Amino acid sequence: MPQSSRRSAPFYMTATTQFGLEEVLAEELRQLGAKIEKVGQRAIEFVGDTQLLYEACLWCRTAMRILRPFAGFYARDEKALYREVGRIDWSRYIRPDQTFAITAVVNKSTFDHSLFVAQLTKDAIVDQFRNRTGSRPSVDVKNPDIRLHLHMIENDVVLSLDASGESLHKRGYRQQTNVAPLNEALAAGLLLLAGWDGKKTLIDPMCGSGTLLTEAALIAQRIAPGLYHQGKFGFENWADFDAALWESVQLDARQARIEEPQAYLAGSDLSREFIELARENVAAADLEDYIRFGVRDVKEAKAPAREEPGIVIMNPPYGERIGEEAEMDALYKTIGDTLKSGFQGYDAYIFTGNLEAAKRIGLKASRRIPLYNGPIDCRLLKYELYQGTRKAK
């Protein structure tokens, strides 16, 4: 590609995220130089150039996907959808030797389900290739070269190229996929919602496999999460991929990293097994120098003596199984006691999907931020632990 494309003309993009993280992601994009057009439900529409597209994939901590819309039309029925998709020159986006996949999201439209819409779109694309060249690209749902995203609201269709490849929240440092109560984008979102600045003391006394602390270390040390991304990003397979520009964007990201530890980060958990997993994840991310771990019951947790008060944050179990109510009530009461006696002067953030048990914390929340953890309706609860919240015995 000619050098003149260095500063490509600006174009529209959409970044998707989880419910409740929209403003956080919009701010991340602003920091990268994006012009925000609209903050919607779980999506941000913005304008930027090719460099910004690459940087967003590399740097956005709370994004799931970065999409580049390239076609839009109205389709009142199946025939119209097939016809409109067939009018697009698909050789501009897919080579016959590449594989592709389509994700369709359908809302309030006369088409009743998204799989059917995806299938019809695929047929129209494949038929065009077959008619024009005699050969056709194959569909690969698991690991396609080109991911297409079709969004249909009321019969208005927008087609986008997916720049991400594997979803951006899958950073690639997690060693075990089976224990993941908190995904990485959500963990980063909780830290950013808590207003943590990457400098203050941060303690997680129920750290599980360490996702919150790992994301905290990435923020504190100014490490781009996309540097851990497994496999290619989607845009690396696009026709207009600028390899030299991508190389320089990655180089800038590597040089942005701060080696000197920026914040005191520490986590503990009752389970020795979880602490081992946390250590493995942190080693895989090459962050051992930045986080301290210990095996400890939450009731023994207390603030480090020599550090200035900062933030204590945790994602305790929610107790989804039947018959766990009493156990959860006791646990959340213990959490409250620990915060009152061990973390005076700190701001505490508890992320939970068990709002009944959370009442047992016995402190008044100064903020309640609605979020989801997967399908579970959750809150990020903030408690300000003033010096002297300890009640006289």
Side-chain angles (χ1 to χ4, degrees), residues 18-21 24 62 179-197 200-216 219 265-271 274 278 296-304 309-320 324-387 389-391:
Q18 294 182 234
F19 172 84
L21 299 181
V24 174
T62 56
V179 282
L182 203 58
N183 85 45
E184 297 91 320
L186 179 55
L190 296 178
L191 294 162
L192 297 170
L193 282 169
W196 184 64
D197 60 0
K200 285 198 180 102
T201 307
L202 187 87
I203 310 291
D204 181 351
M206 298 188 82
C207 70
S209 59
T211 309
L212 273 165
L213 288 162
T214 308
E215 289 298 316
I219 293 171
L265 306 176
S268 52
D269 200 280
L270 180 58
S271 154
F274 269 140
R296 197 175 300 115
D297 192 325
V298 68
K299 62 172 169 276
E300 257 88 68
K302 55 178 189 293
I311 283 178
V312 54
I313 188 166
M314 57 185 118
N315 173 37
Y318 312 156
E320 274 103 72
E324 287 185 320
E325 287 86 352
E327 197 187 325
M328 286 300 125
D329 283 354
L331 173 64
Y332 281 73
K333 184 186 179 306
T334 301
I335 289 170
D337 294 346
T338 295
L339 294 178
K340 287 174 223 172
S341 62
F343 289 91
Q344 291 181 17
Y346 275 68
D347 281 336
Y349 287 87
I350 309 286
F351 180 59
T352 181
N354 190 334
L355 301 177
E356 262 320 295
K359 292 174 184 167
R360 297 286 186 275
I361 290 171
L363 291 160
K364 191 166 163 32
S366 62
R367 279 178 79 192
R368 307 169 66 86
I369 304 170
L371 295 154
Y372 281 86
N373 189 356
I376 305 166
D377 183 13
C378 293
R379 295 290 177 278
L380 179 61
L381 304 168
K382 178 184 184 183
Y383 303 97
E384 294 167 33
L385 310 171
Y386 305 107
Q387 298 288 1
T389 26
R390 189 183 295 168
K391 297 271 191 295

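Since the structure is predicted, the reported quantities are computational estimates derived from the model, not experimental observations.
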inquiry  = One pair to check against side chain to side chain contact (heavy atoms under 4.5 Å, CB included): Phe351 and Leu371. What are the steps and the verdict?
reply    = CA-CA 9 Å; Phe351 180 59; Leu371 295 154; 3.8 Å; yes

message = Take a 6.0 Å sphere around NZ of Lys382 and say whether it holds more than 12 heavy atoms from other residues, nucleotides or ligands.
response = yes

key: Lys299 to Thr334 - nearest heavy-atom pair and separation   = CB-CG2, 3.4 Å

key: salt_bridge(Asp337, Lys333) N-O dist < 4.0 Å   = yes

key: Shortest non-hydrogen contact between Leu193 and Arg367, atoms and distance   = O-NH1, 3.4 Å

task = Rounded to the nearest 0.5 Å, what's the gap from OG on Ser268 to CG on Asp204? Could you check?
result = 7.5 Å

inquiry  = Let's go through Ile335 and Thr338 carefully: what are the C-alpha distance in whole Å and the side-chain angles of both, what is the deciding distance for side chain to side chain contact (heavy atoms under 4.5 Å, CB included) to 0.1 Å, and is it a yes or a no?
reply    = CA-CA 5 Å; Ile335 289 170; Thr338 295; 5.7 Å; no

query = Would Glu215 and Leu191 count as a side chain to side chain contact (heavy atoms under 4.5 Å, CB included) if you check the C-alpha gap in whole Å, the side-chain angles of each, and the deciding distance to 0.1 Å?
reply = CA-CA 8 Å; Glu215 289 298 316; Leu191 294 162; 4.0 Å; yes

request  = May I ask you to check whether Gln18 and Asn373 show a side-chain donor-acceptor distance below 3.5 Å?
outcome  = no

task = State, without any angle test, whether Tyr346 and Gln344 hold a side-chain donor-acceptor pair at a distance under 3.5 Å.
result = no

key: Nearest atoms (heavy-atom pairs only) where Ser271 meets Phe274   = OG-N, 2.9 Å

message = Just verifying a value: how many Å separate Leu212 CG and Leu265 CG, rounded to the nearest 0.5 Å?
response = 11.0 Å

task = Starting at SG of Cys378, measure out to CG of Asn354 and round the result to the nearest 0.5 Å.
result = 9.5 Å

inquiry  = Are the side chains of Ile311 and Tyr349 in contact, using a 4.5 Å heavy-atom criterion?
reply    = yes

remark   = In short, Ala185 meets Leu21 closest at the heavy-atom pair O-CD1, 3.9 Å

key: Sub-4.5 Å side-chain heavy-atom contact between Ile369 and Arg379   = no

ask   = What distance do Leu270 atom CG and Cys207 atom SG have between them, rounded to the nearest 0.5 Å?
value = 11.0 Å

query = Which value, rounded to the nearest 0.5 Å, describes the distance between Leu186 atom CG and Thr62 atom OG1?
reply = 10.0 Å

request  = Compare all side-chain heavy atoms of Ile313 with those of Ile350 and state whether any distance is below 4.5 angstrom.
outcome  = no

task = Decide yes or no on side chain to side chain contact (heavy atoms under 4.5 Å, CB included) for Asp347 and Leu385, but give the supporting numbers first.
result = CA-CA 6 Å; Asp347 281 336; Leu385 310 171; over 6 Å; no

note = All heavy atoms of Pro205 vs all of Met314, minimum pair found to be CG-CE, 3.8 Å

request  = Take atom CD of Glu356 as the centre, draw a 6.0 Å sphere, and report whether it contains more than 12 heavy atoms from other residues, nucleotides or ligands.
outcome  = no

key: Non-hydrogen side-chain atoms of Lys302 and Ile203 separated by less than 4.5 Å   = no

note = Tightest non-hydrogen contact, residues Thr352 and Leu355, listed as O-CD2, 4.2 Å

inquiry  = I need the Glu384 CD to Lys364 NZ distance, nearest 0.5 Å.
reply    = 11.0 Å

message = Is it the case that the side chain of Asp297 and the backbone of Glu300 share a donor-acceptor pair, with hydrogens and angles ignored and the cut-off at 3.5 Å?
response = no

Heavy-atom side-chain proximity of Pro317 to Glu327 below 4.5 angstrom = no

